[in-house]
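Keep in mind that this is a model prediction, so the values were computed, not measured.
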Amino acid sequence: MTERLQAHGREFGKGVIATPAVVGLLRDLTEAHLHKWGLSDHVENATLVVSELVTNAVNAGRGRLIGFQVICLPAVLMIEIWDPAESKPARKTPEPEDTAGRGLLIVEAVAQAWGIRAHPPETGGKTVWACLAL
């Protein structure tokens with residue numbers, strides 16, 4: 001894990017193997033860093049977004065390396081997850097009885113903005129990001 005203090009904010013990142021267990025690990029690390037940075041009021045929404053985006057990355061890249069980064073800027077908290085899959089997550093419209101498919105709807109509800117950044121073929125994959133207003 002790395003943590004850097006920059007002139008414009010704080011950030012930390014971690015590369016992990018995509019398994020279901022990393023969802024809780026990255027959620028817990030996010031919570032700890034937000035408390036450390038004095039952003040306790042933002043823990044609930046940030047950990048919710050982390051859970052949803054990391055779950056998608058685990059499903060897309062199971063058993064492979066994924067990257068995770070949280071960047072604290074003056075007005076926003078950026079959460080970015082890279083995975084090696086070319087396929088992009090899609091917003092779904094689940095039925096009330098469905099037990100999955102609400103992740104991006106949840107992210108959309110709590111984030112100021114979110115999106116997908118494709119990577120060039122030599123590195124592959126994509127980054128899914130979300131901004132939370134501070």
Side-chain angles (χ1 to χ4, degrees):
M1 180 176 63
T2 60
E3 180 179 355
R4 296 186 305 199
L5 175 60
Q6 298 182 336
H8 63 275
R10 295 179 185 253
E11 66 180 67
F12 79 94
K14 187 163 186 66
V16 295
I17 299 300
T19 65
V22 303
V23 176
L25 169 71
L26 296 176
R27 186 179 51 239
D28 291 347
L29 286 171
T30 300
E31 180 176 357
H33 277 82
L34 292 181
H35 285 303
K36 180 178 168 182
W37 296 341
L39 299 172
S40 298
D41 292 347
H42 301 281
V43 166
E44 185 176 348
N45 283 344
T47 56
L48 182 59
V49 168
V50 166
S51 293
E52 298 303 335
L53 295 184
V54 173
T55 296
N56 286 349
V58 166
N59 290 336
R62 192 169 299 255
R64 297 169 69 189
L65 181 67
I66 61 172
F68 175 78
Q69 189 167 327
V70 175
I71 305 164
C72 179
L73 300 169
V76 296
L77 186 71
M78 291 286 304
I79 299 167
E80 298 184 333
I81 292 88
W82 172 85
D83 71 65
E86 301 298 325
S87 61
K88 295 179 179 167
R91 201 164 135 280
K92 297 176 182 162
T93 308
E95 296 296 322
E97 65 276 1
D98 290 343
T99 58
R102 291 177 178 78
L104 291 178
L105 293 172
I106 292 169
V107 170
E108 204 169 77
V110 299
Q112 185 177 32
W114 74 275
I116 303 163
R117 190 169 59 247
H119 291 266
E122 53 273 6
T123 58
K126 66 185 171 295
T127 296
V128 181
W129 57 268
C131 292
L132 298 171
L134 293 178

Looking at Thr123 and His119, would you say the former's side chain and the latter's main chain have a donor-acceptor pair under 3.5 Å?
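Side chain of Thr123 to backbone of His119: no pair is present.
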Donor-acceptor under 3.5 Å (Lys126 side chain, Ala85 main chain)
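Flag set: sc Lys126 to bb Ala85 pair under 3.5 Å.
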Can you check whether [X] reaches [Y] side chain to side chain, under 4.5 Å on heavy atoms?
| X | Y | result |
| --- | --- | --- |
| Trp37 | Val70 | yes |
| Leu134 | Pro74 | no |
| Val76 | Gln112 | yes |
| Val128 | Arg117 | no |
| Phe68 | Val50 | yes |
| Thr19 | Arg62 | no |
| His42 | Leu132 | no |

For the residue pair His33 and Phe12, categorise the inter-ring angle as parallel (less than 30°), tilted (30 to 60°) or perpendicular (more than 60°).
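His33 and Phe12: parallel rings.
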Under a 4.5 Å side-chain heavy-atom rule over Ile, Leu, Val, Met, Phe, Trp and Tyr, are Val16 and Ile79 clustered together?
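Looking at the clustering, Ile79 is in the same group as Val16.
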Following the transitive rule for hydrophobic clusters with a side-chain heavy-atom cut-off under 4.5 Å over Ile, Leu, Val, Met, Phe, Trp and Tyr, establish whether Ile17 and Ile81 coincide in one cluster.
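Unlinked, Ile17 and Ile81 end up in two clusters.
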Distance (rounded to the nearest 0.5 Å) between [X] [atom1] and [Y] [atom2]:
| X | Y | atom1 | atom2 | result |
| --- | --- | --- | --- | --- |
| Thr127 | Met78 | OG1 | CE | 9.5 Å |
| Glu52 | Ile106 | CD | CD1 | 4.0 Å |
| Leu48 | Thr30 | CG | OG1 | 12.0 Å |
| Leu29 | Lys36 | CG | NZ | 11.0 Å |
| Leu104 | Asn56 | CG | CG | 5.5 Å |

Minimum heavy-atom separation for [X] to [Y], with atom names?
| X | Y | value |
| --- | --- | --- |
| Trp82 | Leu65 | CZ3-O, 3.2 Å |
| Pro20 | Val58 | N-CG1, 3.9 Å |
| Ala46 | Leu34 | CB-CD1, 3.5 Å |
| Ala130 | Val49 | CB-CG1, 3.8 Å |
| Ala18 | Gly61 | CB-O, 3.2 Å |
| Ile66 | Val22 | CD1-CG2, 4.4 Å |

Passes side-chain contact (heavy atoms from CB on, under 4.5 Å), Cys72 versus Leu39? Steps please.
CA-CA 10 Å; Cys72 179; Leu39 299 172; 3.5 Å; yes
Do other residues, nucleotides or ligands put more than 12 heavy atoms under 6.0 Å from the CD atom of Glu108?
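Counting other residues, nucleotides and ligands, CD of Glu108 exceeds 12 neighbours.
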Do Arg27 and Thr47 get their side chains close enough for a donor-acceptor pair, meaning under 3.5 Å?
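No, because no side-chain N or O of Arg27 sits under 3.5 Å from a partner of the opposite role on Thr47.
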